[in-house]
Amino acid sequence: MRYDFAVIESKWQKYWDDHQTFRTDILSSKPKLYVLDMFPYPSGAGLHVGHPEGYTATDIFCRYKRMKGFEVLHPMGWDAFGLPAERYAMQTNIHPRITTEENINTFRRQIKMLGLSYDWSREVNTTDPKYYKWTQWIFLQLYNAWYDRRAKKARRIEELERELQQRGSADIAGAPFVSPNEWQAFTRKQKHDYLSQFRLAYVAEIPVNWCEQLGTVLANEEIDEWVEKGYKVERRPMRQWMMRITAYAERLLEDAAELDWPESTQEQQRNWIGRSEGAFIDFAVVERNERIRVYTTRPDTIFGATYIVLAPEHPLVETISHPEKASEIKRYKEIATRKSEVDRGTEKTKTGLFTGAHVINPATGKPIPIWIADYVLLGYGTGAIMAVPGQDERDWEFAESFNLPIVRTVQPPPDWTGKAYVDDGVAINSANPEISLDGLGVSEAKSKIINWLERKGIGKASTQFKLRDWLFSRQRYWGEPIPIIHLEDGTMATVPEADLPLLLPDLEKFQPSGTTESPLALASNWVAVVDKETGLTGRRETNTMPQWAGSCWYYLRYIDPYSTEVFCSKTLEQAWMPVQLYVGGSEHAVLHLMYARFWHKALYDLGYVTTKEPFLKLRHQGTILGEDSRKMSKSRGNVVNPDEVVKEYGADSVRLFEMFMGPLEEMKPWSTRGVEGVFRFLNRVWRLFVGSDGKVESSIKDCTATAEFERVYHQTVKKVGEDIESLRFNTAISQMMIFVNEATKLEVKPLRELKGFVLLLAPFAPHIAEEIWSILGSRSSLAYEPWPQFHESKVKESKVEVVLQVNGKLRSKVLVEIDTPEGELERLANEDEVIRRHCDGKKILKKIVVKNKLVNLVVGN
RNA sequence: GCCGAAGUGGCGGAAUUGGCAGACGCGCUGGACUCAAAAUCCAGUCUAGCUAACCCUAGGUGGGGGUUCGACUCCCCCCUUCGGCACCA
């Protein structure tokens, strides 16, 4: 007989809904815990079995913590803007709002079917105007903020204006010089343009990644995904919205160190930020006034710099090149510019061109040639390098192909057979009348040469980052409109806060506009506006925000989802942030997780949130493979549909199996047999408690447990609790299976321990646990029953098996009282017949006795 | 190429301040119940040798070496798989 999971599960899901069992008391005085799942993009395909894995893990954790007396915030919502809905709209002309709503309904139904304990009253939806009003509002906060490098934080743009008004730009590093008088004399437009180079959200004309098939630009972080799917991404200069994430590079790197995040994710973020320490060095061009500034991480190798290379797009290329080379250079440049960075990266053979000009190597005083080559990128460092083939593999390769001289300045080891030597070693060939590095190690040589360069005013220590600013606009319909108006005088105005949300206009057709503009450009009535403040006519910004915008702050909205006054109440934010546990896919390692940290830090600087970091502890659920151990995909026909599995075995079995498969973070294959296995286990649990009459099983008595069974019980309480705390759900389930095996063997089953077990099972398989709990006589849910306690004294075995070894080989075992003294153990070993046989006639050289563990006799002949 | 994680039965996986390898589950084998099946229950299940059987013996955690009374666990070298980065100067 199988337990009727279908009836039980819908009964309890209705009960939880009706009684609002999991509604968070946001003002509770209990200790607070915020546990977050990455909210899904509600695709048309519905939930796949990967979703319930992470969701079940956090659900178990939350249910456990509620029983431990915590007030738990555990919400769910929808990251619903995005390209798939829009592409579907292009094909069908069905408004993405409609498909999105349908998809959300499917997802909500499927998630509810799994009995996850979300507080559904806090559901958010990024496409809801009541939600994106605040996404737009945050955009305006970023637009109206600048990064003050002196204070190492973002500040309001008014503060910058005030400073320019009073003191000009003198104290602001890197700012074009403006005196207070000049600033005051600036026109509206001049002020606007000057400020725009500081804003955290700004417009720039730069080469971007344009995808013709998608009809939109993509962020650097997004390119790989689409290229993999077979789309072409090309570089094109376009005017685009950018987010100044680079201002936060150092802080994003530093603050991550304190987070409890998977090492691989930390590593990916570090890689993406790409911090490097080095120096700028100026090289004077022979017979000209220009100087070429290079960036290098190996200033110590400067004596080996035998040529320098500029990126083809470098602004000085035209100026310094020999006139005879002009047409050749032009051609090379054209080819290079059109190549995407991806292409540049995949081409292995190096190309380049001599410009005909030379610079002086300031260390050797000798002229060296200037080349251009597309292995040097304009966007990194200064777009120019000093090439040191002796210590750099790329430079070596280039030098070999073009027959350029190679000078070693670091002594390779004697057995060195390679070409460029990039590791640590002693400097050689590195001296001039003023300075000698010879004999120094790399790091000493670096500081010495930097010091020299700085003294001579031709170099400067500097830190560089690979991270680029975040390309924030998309030529799409289905996204948050950017609340900016382009006025006729060439300035920009923000949509007043009171007018937010700036609603998406309804469109008849969703096709790309045919130009590089968003389909919104076709909504002419929407686009044309008159600015209230200035009376100027203007055009609305027609680009929309990328999908990542909404997910950058959703975790804050859950805390205060209905507020019409603020995006999130500050007192509530203070009470609930940061997120203590965040679970989601590792594919967001550098996208969502970096963008969200960036916005959070900006909001922190501006005083809207009180924590530096949003997500304290992060875990990724591992991918679930198909039954054939290959990636699930429609074409392979190995996709498992959660609806069907729930229908066949029930939600509790799905939850239990997904947790029992293996460690949360590991990749692991689905197994229908495995689901059957946990389903059998739940049936055994059911039969343990419930007789065939549907009443409490008659062998359960209110009696005292045997010492042995009591021990198993306490061991189970201990292990299950500890395993949930450390998210090792698979071993917690094993222990529960052991308990059930033991309990089943008993003729008379003690009620107290069995009731305790139901509470242990509840976070994992809540429906069956609630049902058994009610059959055992309770009228209310067990969701807030106190978690069972264990006593360490009762966990310990009273007797232990001590291993007897001879020469480290297991020969015998003895069962002794726990903590039997070493002397006694030794005596037992000596008396043991098997041991005697193995020691017979041999000399005992050494005895190792470990209490409660083993006796090892080392014998010789 | 570099960085990170990991390699344990037929399968998913347990076991870490170094101390009984293979918990728990799946599968498989045999048995009980049944007219029969399903379901359920019981027993067995790392490999090889020896055995009628139990015992016993030897080997065994990707491969090789080392440290140690004792190594899945620590150290060195190598191999494989997965993930990431990859002209970032």
Side-chain angles (χ1 to χ4, degrees), chain A residues 1-2 224 262-272 274-276 278 294-299 301 305 308-309 311 341 344-348 350 373-377 379-388 391-395 397-398 422 464-468 586-587 589-590 620 622-623 629 656-657 660-663 665-678 680-681 683-684 687 728 730-741 744 801-813 834 837 845-850 852-859:
Chain A
M1 237 242 312
R2 296 166 162 214
D224 289 352
E263 181 49 39
S264 60
T265 304
Q266 298 256 33
E267 166 89 10
Q268 279 181 63
Q269 294 217 344
R270 279 196 298 270
N271 275 341
W272 194 260
R275 184 180 194 276
S276 78
V294 305
Y295 175 72
T296 178
T297 55
R298 292 295 301 275
T301 61
I308 72 171
V309 187
E341 282 194 28
R344 279 202 190 182
T346 48
E347 277 168 21
K348 285 292 160 229
K350 293 201 173 12
D374 67 3
Y375 82 90
V376 174
L377 308 170
Y380 187 76
T382 59
I385 61 156
M386 64 177 205
V388 188
Q391 275 78 231
D392 185 290
E393 282 162 9
R394 296 155 301 181
D395 297 342
E397 198 191 318
F398 193 82
V422 300
Q464 294 289 308
F465 295 92
K466 261 162 67 179
L467 185 69
R468 312 286 171 82
S586 57
E587 66 275 19
V590 285
H620 302 302
T623 315
S629 290
L656 209 56
F657 174 66
F660 187 59
M661 290 165 85
E665 311 206 27
E666 229 95 296
M667 187 185 282
K668 43 209 177 272
W670 184 264
S671 158
T672 303
R673 300 275 199 194
V675 186
E676 282 168 6
V678 293
R680 271 203 285 271
F681 166 68
N683 276 292
R684 298 226 320 267
R687 285 195 307 272
R728 293 191 311 241
N730 53 334
T731 49
I733 294 167
S734 293
Q735 184 61 38
M736 290 194 282
M737 287 172 167
I738 291 170
F739 178 87
V740 169
N741 289 347
T744 306
E801 220 173 13
V802 168
V803 173
L804 305 180
Q805 299 178 328
V806 176
N807 286 345
K809 288 204 168 93
L810 174 72
R811 294 303 176 185
S812 184
K813 296 171 186 176
V834 183
R837 203 172 72 226
L845 303 174
K846 197 169 177 183
K847 294 170 191 170
I848 292 110
V849 185
V850 183
N852 297 331
K853 294 272 190 200
L854 82 153
V855 177
N856 184 14
L857 303 178
V858 185
V859 299

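Keep in mind that this is a model prediction, so the values were computed, not measured. Here is the naming used below: chain letters follow the sequence lines, and residue numbers restart at 1 for every chain.
- Nucleic acid contact class of P262(A) (heavy atoms, under 4.0 Å, all strands): none.
- Annotation: of the two residues near RNA chain B, E267(A) and Q805(A), the 5′-most nearest-nucleotide partner is E267(A).
- Side-chain proximity of R673(A) to the nucleotides G12(B), C26(B), C69(B) is greatest for C26(B).
- Taking each heavy atom of P262(A) and E665(A) in turn, the nearest pair found is CG-OE1, 4.2 Å.
- OP1 or OP2 of C41(B) has at least one side-chain nitrogen or oxygen of R684(A) nearer than 4.0 Å.
- Between the side chain of K466(A) and the backbone N or O of Y380(A), no donor-acceptor pair lies under 3.5 Å.
- Between L845(A) and V859(A), the shortest heavy-atom contact is CD1-C, 4.0 Å.
- In this structure, C56(B) and G49(B) make a Watson-Crick or G-U wobble pair, each of the two defining distances being under 3.5 angstrom.
- Q391(A) contributes atom CD, which lies 6.0 Å from atom OG1 of T301(A) (distance to the nearest 0.5 angstrom).
- Look at NZ on K466(A): it is 5 Å from P on A86(B), rounded to the nearest Å.
- Atom P of nucleotide C85(B) and atom CG of L377(A) are separated by 16 Å, given to the nearest angstrom.
- At G12(B), none of the side-chain N or O atoms of N730(A) fall inside 4.0 Å of OP1 or OP2 (strictly under the cut-off).
- Taking atom C1' in both C55(B) and G66(B), one finds a spacing of 36 Å when rounded to whole Å.
- Under the Watson-Crick or G-U wobble criterion, with both distances below 3.5 Å, A15(B) has no partner in any strand shown.
- Of the candidates C20(B), G19(B), C87(B), the closest approach to any side-chain atom of E801(A) belongs to C20(B).
- T731(A) comes within 4.0 angstrom of sugar-phosphate atoms only, judged by non-hydrogen atoms across all strands, and of no base.
- Between F657(A) and W670(A), the ring-plane angle classifies as perpendicular under the 30° and 60° cut-offs.
- Using a 4.0 Å heavy-atom cutoff across all strands shown, M386(A) reaches no nucleic acid atom at all.
- A distance of about 26 Å separates the C1' atoms of A5(B) and G60(B), rounded to the whole Å.
- Comparing the same atom, P, in G19(B) and in C72(B) gives a spacing of 10 Å after rounding to whole Å.
- Between the CZ atom of R687(A) and the P atom of U40(B) there is a distance of 6 Å, given to the nearest Å.
- Base pairing of C74(B): its partner is G66(B), meeting the Watson-Crick or G-U wobble criterion (both donor-acceptor distances under 3.5 Å).
- Rounded to the nearest Å, the gap between the C1' atom of C85(B) and that of A58(B) is 48 Å.
- Here the closest heavy-atom approach between residue I733(A) and residue L656(A) is recorded as CD1-O, 3.6 Å.
- Rounded to whole Å, the distance from CZ on F739(A) to P on G25(B) is 15 Å.
- Comparing U68(B) with U8(B), their P atoms are spaced 29 Å from each other, to the whole Å.
- Rounded to a whole angstrom, the distance from the P atom of A23(B) to that of U47(B) is 13 Å.
- Following rounding to the nearest Å, N741(A) (CG) and A43(B) (P) show an atom-to-atom distance of 10 Å.
- Note on G677(A): only backbone sugar-phosphate atoms sit closer than 4.0 angstrom, heavy atoms only; bases stay farther off.
- Within 4.0 Å of R275(A), counting heavy atoms only, lies no atom of the nucleic acid at all.
- In the interface, the side chain of K853(A) is not paired with the base of C20(B) through any donor and acceptor atom under 3.5 Å apart.
- Considering every non-hydrogen atom in both L857(A) and K847(A), the closest pair reads CD2-CG, 3.6 Å.
- For A38(B) and C28(B), the P atoms lie 12 Å apart once the distance is rounded to whole Å.
- For A89(B), the OP1/OP2 oxygens have no side-chain nitrogen or oxygen of Y295(A) closer than 4.0 Å.
- With hydrogens and angles ignored, no donor-acceptor pair under 3.5 angstrom links the side chain of Q268(A) to the base of G83(B).
- Across all strands shown, G10(B) is found opposite C26(B) as a Watson-Crick or G-U wobble partner, with both distances under 3.5 Å.
- Between the P atom of G25(B) and the CG atom of N683(A) lies a distance of 15 Å, rounded to the nearest Å.
- Taking 90° from 0 as the syn/anti boundary, the base of G84(B) is oriented anti.
- If you take CG of N856(A) and C1' of G70(B), they are 6 Å apart, rounded to a whole angstrom.
- K668(A) places its NZ atom 13 Å from the P atom of G12(B), with the value rounded to the nearest Å.
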TODO: Apply side chain to side chain contact (heavy atoms under 4.5 Å, CB included) to I848(A) and Q805(A), showing your working.
DONE: CA-CA 9 Å; I848(A) 292 110; Q805(A) 299 178 328; over 6 Å; no

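- Residues L804(A) and R811(A) fail the side-chain proximity criterion, which asks for heavy atoms closer than 4.5 Å.
- Remark: A32(B) base-pairs with U40(B). Criterion, Watson-Crick or G-U wobble with two distances under 3.5 Å.
- Rounded to whole Å, the P atom of A39(B) lies 31 Å from the corresponding atom of A48(B).
- A close approach under 4.0 Å does occur between a side-chain nitrogen or oxygen of S276(A) and OP1 or OP2 of A89(B).
- Contact between the side-chain N/O atoms of R680(A) and the OP1/OP2 oxygens of G27(B) is found at a separation under 4.0 Å.
- Nearest-nucleotide positions on RNA chain B place S734(A) closer to the 5' end than the other of N271(A) and S734(A).
- Counting atom types as modelled, K813(A) pairs a side-chain N or O with a base atom of C20(B) as donor and acceptor under 3.5 Å.
- Candidate nucleotides G19(B), C26(B), A89(B) were compared by shortest atom distance to the side chain of I385(A), and A89(B) ranks first.
- Checking G1(B) for Watson-Crick or G-U wobble geometry (two distances, each under 3.5 Å) identifies C85(B) as its partner.
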